[in-house]
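Okay, so here's the structure we're looking at.
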Amino acid sequence: MEQATPVETAAPIQAAPAVHAAPPAPRRIDWMPLLLVPLLALAALPFVGSAPTWVTLTAAGLAMGMIIFIIASGLTLIFGLMDVLNFGHGVFIALGAFVALSVTGAIPEWIEADDLGRNLAAIGLAMAAAMLAAGAIGLAFERVLVRVVYGQHLKQILITMGGMVIGEELIKVVWGPAQQPLPLPAALRGSVLLGDAAVEKYRLIAMAVGLVVLAVLLLVLNRTKLGLLIRAGVQDREMVESLGYRIRRLFVGVFVAGSALAGLGGVMWGLYQQNVVPQMGGQVNVLIFIVIIIGGLGSTTGCFLGALLVGLMANYTGFLAPKLALFSNILLMVAVLLWRPQGFFAVTNR
Amino acid sequence: MLQHEPESASRPGSLETRDLTIRFGGHVAVNAVSCRFAPGTLTAIVGPNGAGKTTYFNLISGQLHASAGQVLLDGRDISSLAASARTHAGLGRAFQLTSLFPNLSVLENVRLALQSRRRIGLDMWNVWTRHGALIERADELLESVALQARRDAPAASLPHGDQRKLEVALLMALDPQVYMFDEPTAGMSVDEVPVVLDLIRKLKARRDKTILLVEHKMDVVRELADRIIVLHNGTLMADGEPEAVIASPVVQQAYLGQAPVEEAA
Amino acid sequence: MSENILSLKGVHTHIGAYHILHGVDLDVPRGQLTMLLGRNGAGKTTTLRTIMGLWQASQGSIRFDGRDITRRGTPDIAQLGIAYVPENMGIFADLSVRENMLLAARGARSIADIDTARLEWIFGLFPAMKKFWLHPAGKLSGGQKQMLAVSRAIVEPRKLLLIDEPSKGLAPAIIANMITAFRELKQTDTTILLVEQNFNFARQLGDSVAVMDDGRIVHRGPMAELAENEELQTRLLGLSLAAHQ
Amino acid sequence: KDIKIAHVYDKTGPLEAYAKQTQAGLLMGLDYATNGTMQVNGNKLVVIEKDTQGKPDVGKSQLASAYADDKADIAVGPTSSNTALAMLPVAEEYKKVLLVEPAVADAITGDKWNRYIFRTGRNSSQDAISNAVALDHENVSIATLAQDYAFGRDGVKAFKDALKKAKIVHEEYLPTSTTDFTAGAQRLFDSLKGKPGRKVIFIIWAGAGNPFKIADLDPKRYGIEIATGGNILPAMAAYKNFPGMEGATYYYFGIPKNPVNNWLVTEHYKRYKSPPDFFTAGGMAAGIALVEALKKTNGDTGSEKLITAMEGMSFDTPKGKMTFRKEDHQALQSMYHFKIKADPAFAWGVPELVREIKPEEMNVPIRNKR
Amino acid sequence: MMTRLLSRDLPRSRALAALLAVIVLGLALAPFLFPGAKALNVAAKILIFIVLVASYDLLLGYTGIVSFAHTMFFGIGAYGVAIASARLGPGWSSLLLGAGGALLLSALLSLVIGLFSLRVRAIFYAMITLAVASAFQTLASQLSEITGGEDGLNFKLPDVLSPAFQLSENPLFGVSLDGRLITYYLVFAIALLLFLAMLRIVNSPFGRVLQAIRENDFRAEAIGYRTVVYRTWSNVLAALFATLAGCLLALWLRYNGPDTSLSFEIMIDILLIVVIGGMGTLYGAVCGATLFLLAQSYLQDLMGMASAATASLPLLPALLSPDRWLLWLGILFVLSVYFFPTGIVGKLRAARLAKKS
Ligand SMILES: Nc1ncnc2c1ncn2[C@@H]1O[C@H](COP(=O)(O)OP(=O)(O)OP(=O)(O)O)[C@@H](O)[C@H]1O
Ligand SMILES: Nc1ncnc2c1ncn2[C@@H]1O[C@H](COP(=O)(O)OP(=O)(O)OP(=O)(O)O)[C@@H](O)[C@H]1O
Ligand SMILES: [Mg+2]
Ligand SMILES: [Mg+2]
């Protein structure tokens, strides 16, 4: 019996055994996109020339990618898996950042103290608060706005845009319309020097957080029926309910989780920019959609790779041809789609 | 007007497939099928589920493109044409899984097929009602499948059986040289089935169309078919007179047999 | 416990502005196979969907296994032990056959949790399921999809199966398998409510029968009675036509 | 008769926070110049607010509507340069005065200018020149970092033209939407690190993005300093990390010492519990300019009268004396060379006055080809 | 006559017919009914948006293609007129040349994008167009030599259309007969013509095929319609009409810049108008554009009054402050999705059906 073999997700046809007697081959890992990241980094080396500069750029690019991954990770759930075109995702990012602003503003001693432990505790606290707040607002968002438009892309765009505008305005009402500084904790300022290459300390933290998010998402989606259920629910909601699953509740939960991840992303992004503006959500909207398209709908790994590539490309083109940096994301997306029209690892078939 | 073309006795419409093959990854769904279908005959295609009947149709009518082999219509190789071009070349198709324009009215569904046949789809300047003959003809066709009562309802609101009939009406509207029916009566209630069978019978009686019919109901096949071909695992297993084919051990065992079929490795 | 596992009393259903069911009274005896027959558009599908809670009954009551389920949500109803095979099969085209089955087995966290014997039994009935185990279900042939839809409903034991036209598009050999399967299921105390157009198939299987027309039940009785009475068949189903006998 | 002043400004949209300051300043300016009566020559001053929403086309129609529908006599605004540029022809069509504050583009008083346009705000050249004056020494190598669009390039050009002694070794232009500055920083470092003498990165940046993050890449290890002009207080929070940084600013509430500024600071604390910010002073200057002009015409709002009165007019503002230059109606004004001090009492880096750069010291070119 | 003009696509509801009549009459007589610079501006903008939204509905409502690049074509039209007039000097030939060049560019671009759309799925297409549109906007502000960059372009029109031109000394019914008025009626006439042309297109056999493709492109192909061709045509036509709408915008504003015709906000406004009005019916564009632009233009004024009226209450004035008008616009977005699931037209027509049955 083949039942025990763990084989994940929709296998491409060629991987399936033509003869039923043979045990199914485990799904081959699709290495090509995974190789793209080191390939890109290596390819950039001769152009960049100096090794320390290359190290600086590569580290910065990877870390930027990680931060982008964190802010986009929530959207892989909401847009990639649940098929909700949530143009309001950015508002949760902004919310997370502003909550972090308030939290860190309330405990300046923890931020200013040159003590890594206390600094990290402060950031941790800010993250928890941001995720909580974004999750809670996400719940309301789902209830009031998204619920009525499941399966209707156009209306999703409009209603979530509306939600975004409302959220942004409410942020202005609560925190004021101005840009506000969100200083990095004392111990995270500055860089670690590796010879002549400088890697900002904060980026190291970002990498760690990004990897944790990736691991948690992969575990939850691949070790449970959750991912399957969401995909099935998108295709035929009535049938999933007829099988006895409370898909509504599940969707709410996923939406809340996605929003909370956006909140977390907001904290990371705010600290990365070292300031916050109510419009910050709108500013990253297109970027995160691009990342998810590149990665393939519903794929966490794809989103991760897409984000890393975007980060690296931004840094390499920014160094080699700054003019091109403006279009690097779009060029990357077009190139990827010409190669794989569905993105790196499309999990869903929409 | 075009839609009342004179009927000539020696109509074209001879269809041939040569070594037609398609692979999906490692799986060969249709395997080197060579066969010829002459105008004026009705050929039934039978075979177990997954034998490749629908795929064979898809290859002929252009929904899928073959990995190897050709489709010839009146001697002309049409393998590289798109589905729409094959329709204009004279191939018509009704689908096993009903495929309609769900939010358009029943009438509009049929009218669109007629409009396609008239090749006026790119007319952007005249108002559609200017082509009144199409509407009249569409009404006639609806009459013939007993759907005229639901003329203005959206296709999606029809019960399953009526949707199947509409599917057939669309094919009739195309009035092709080659008719391909894929299980036209599946899911149709017992009292409705004769309506469709009557249509096919009339078509056959004209003796100028090439008709291909995929059907699992052996009584229907027995009654209508001039010839039966059997597909099994993508290969052509038998071809001949209905009684002979039905009696052949292949069919008895692999298709009609009581025990589940052990498939060849 | 009552004799009837499911009973509908005076059920009315509206779809949008249309009044589809006009007071359906239907009893499904426990452990039996009940056929629901009727011409196209009679309301058979609507009846099944109303039972599942996919459409709300605007009037009347539905009781299942001693509980009133008229106003319950679909997941609740399903969890009480009802499996549903819809008319359009409800295949998750994007998911593989294996994943479709895994979702249908509500109690299983992975395929390993599914009863091996039961799985083998299904593979025996529908060999194609085993053969295309890892294929995307959307790529299956029409008949194979139908097999998958039925397989999903029987992957775990359920008290009641609601099945909408399972035989359409199936080759005779497979229909024969399905008949065996339903008989075997009955042995295990599973009740089945089956909508069917194929009267031959219905006749071989049904214990009792209900015939619908225009949103009402117009005849109820044992299958044997209808099977023998040609006059009744003609009147109810328009069955005298040679084409189908 | 009422004198209607329309304030057409970017009340909502991305510049909302700046615009609010201008509005507060304008009202305080009118208040101050009329001694709290809001009257000139017995004519009541009425301020109408119009929102451009930060969009040029809306600004254009709002200004037209102010002149035509609300019969405004004079208009003030807007915040963003592109909106201002779109609005200029409207003033000409309606033959009414538009006092631009605080949009900075040179073109407003340059080649897009018409005779109905006055400006109390400083222009890009003034900004750049004053910064150049502050940084211009022998043996200084400067690399510039600016946004890659007209505003950034013009600013760098004016800055470069004004330098006499220091050398520009590199100009870095980054997209306005840049979020990550590592690559740009690396290029800047590479261009400066071998150079002798003082090494400075001069930043001209407005809007989103935070170029000061490059400090985290530790430019000090190459002896590179960072310099920039003034900004609103929240933006100057980033300056805290650069004690000793030099540059020139348009306004900081602690710098000018004169009665007008004293009034502004005290009154602003009284009304808003906060110090006046970057754009508040400009708004006030605009208010004062209007009242002074109206006083000169005895409350006559005829455009020709006003233009004659305003050309060459000097008036006292929180920044000291300003004068509308006859040729292009640009108000010439002092700028302030500052040095940043990190003072824990303030949330921002405090600019301390090094030297007031008087208008006479700055050779602001006239570009309107009149 | 009327039915022929309307290509036999009648409003099919008395309330809708009345509403349309009011709107058309209102727009035709706007300079006289609603004097004032702002009112005329709003009226002209409504006209332009009717064309723009109708052209988008051709793509979205009729063909079922979601694109975010529609403002790109709108912008191309506006830039065409702006650049030609600014560079070649005011004149009719500049206008025509600008419009012609813009149409050509739009046709080419839409062809390329349209062909690309065949490679990818619907959502992907939407996202790609989103990216392309934002790239185009960046490009427009980067090429400041040509486009005037962020600052945009101010330009002059032929004399007859310039505000200074006076047709006659004495005003008619208190409205001065100046170049603005002439421009308004020029815009009105062109908009009307374009709208009727689009109405004709969607009610032609071609338009019917587009609907079939929207419903089920697979089946449309199977019954003999080459969907690639139809999709591409639909893309190109929509782009061309949007370009013309852009030309009208430039004509009216005598200014163009990236925020004015290329911004994503406009794209969202278009989407909202399509939905408020009713998708898949061009009359929706008329109702939706009128309602939305009136709301957008006067919301702030209304809120100013509301805020003043509630000044004594807590919190409410802060929320009603005109500065927060976007908040209410956002709420409008949400409410319109809630209450007009089928749009105004759908609602009015359904009301008629309900009454009949
Ligand atoms: N697009 C596809 N990709 C992969 N496999 C496919 C595809 N289309 C069909 N197949 C496979 O090819 C085989 C033949 O399918 P086909 O639909 O032709 O069967 P059929 O003879 O019509 O069966 P039925 O009687 O059940 O309709 C099936 O096993 C199916 O899984
Ligand atoms: N979505 C819908 N909107 C409007 N009417 C509908 C809808 N679905 C079904 N109907 C109508 O309800 C009636 C009953 O349909 P139902 O599908 O229950 O019939 P059925 O007995 O299952 O027929 P069949 O044997 O053809 O499947 C039909 O007249 C049909 O037109
Ligand atoms: Mg088939
Ligand atoms: Mg049914």
Side-chain angles (χ1 to χ4, degrees), chain B residues 24-25 27 29 46-55 95-98 146 150 153 157-165 182-183 185-198 201 214-220 223-224 233 251-263, chain C residues 15-16 18 20 37-46 87-89 123-128 130-132 135 139-147 164-165 167-177 179-180 195-200 202 233-234 236-245:
Chain B
F24 298 114
H27 176 68
V46 303
N49 296 116
K53 305 179 294 294
T54 301
T55 307
F95 290 88
Q96 176 178 12
L97 298 179
T98 314
R150 306 297 302 265
S157 73
L158 296 186
H160 184 78
D162 284 351
Q163 294 193 13
R164 298 294 303 152
K165 287 198 292 185
D182 200 348
E183 302 191 31
T185 64
M188 216 174 267
S189 69
V190 268
D191 60 329
E192 301 275 12
V193 170
V195 176
V196 171
L197 295 187
D198 259 356
R201 233 177 257 126
V214 170
E215 186 54 80
H216 284 300
K217 296 177 186 140
M218 287 321 282
D219 41 3
V220 173
E223 189 215 313
L224 286 176
N233 279 338
V251 173
Q252 285 298 329
Q253 220 188 57
Y255 187 53
L256 301 171
Q258 293 296 310
V261 194
E262 225 2 84
E263 285 167 72
Chain C
I15 307 175
Y18 303 96
I20 309 287
L37 306 178
R39 63 186 78 218
N40 286 136
K44 306 179 293 296
T45 299
T46 310
E87 186 169 45
N88 65 5
M89 303 178 279
F123 288 156
L125 291 168
F126 309 125
K130 188 167 189 179
K131 183 168 171 187
F132 294 100
H135 282 227
K139 300 284 169 67
L140 294 178
S141 84
Q144 290 165 344
K145 280 186 187 139
Q146 191 66 58
M147 294 180 217
D164 204 346
E165 299 194 40
S167 74
K168 67 172 183 293
L170 289 185
I174 298 294
I175 295 187
N177 285 354
I179 291 175
T180 328
V195 168
E196 195 42 75
Q197 300 287 5
N198 183 336
F199 190 65
N200 281 333
Q233 286 173 24
T234 317
L236 292 173
L237 303 168
L239 257 189
S240 63
L241 299 140
H244 207 72
Q245 282 295 303

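Residue numbering restarts at 1 for every chain, and letters A, B, ... go by the order of the sequence lines. Just so you know, these numbers use all the heavy atoms, side chains as well, and skip hydrogens, waters and symmetry mates.
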Euclidean distance, C/Gln197 CD relative to B/Met188 CE, rounded to 0.5 Å: 9.5 Å

Chain C interface, residue from B/Lys53, B/Met218, B/Gln96, B/His160 that has the most non-hydrogen pairs under 4.5 Å: B/His160

Spacing of CG belonging to B/Leu97 relative to CD belonging to C/Gln146, to within rounding of 0.5 Å: 9.5 Å

Qualifying residues under ring pair (Phe, Tyr, Trp, His ring centres under 6.0 Å), relative to C/Phe126, sequence neighbours excluded: none

B/Gly50 to C/Ser141 - nearest heavy-atom pair and separation: N-OG, 3.3 Å

Spacing of NZ belonging to B/Lys217 relative to NZ belonging to C/Lys168, to within rounding of 0.5 Å: 11.0 Å

Part of C/Lys44 lying under 4.5 Å from any heavy atom of chain B: neither

Results of side chain to side chain donor-acceptor pair (under 3.5 Å) for B/Thr98 - residues two or more places apart only: B/Arg164

C/Gly169 to B/Ala186 - nearest heavy-atom pair and separation: N-CB, 4.1 Å

Backbone of C/Ala171 reached by a side-chain donor or acceptor of B/Asn49 within 3.5 Å: yes

pair B/His216-C/Leu170: side-chain heavy atoms closer than 4.5 Å: no

Within-4.5 Å side-chain heavy-atom neighbours: C/Phe132 and B/His27: yes

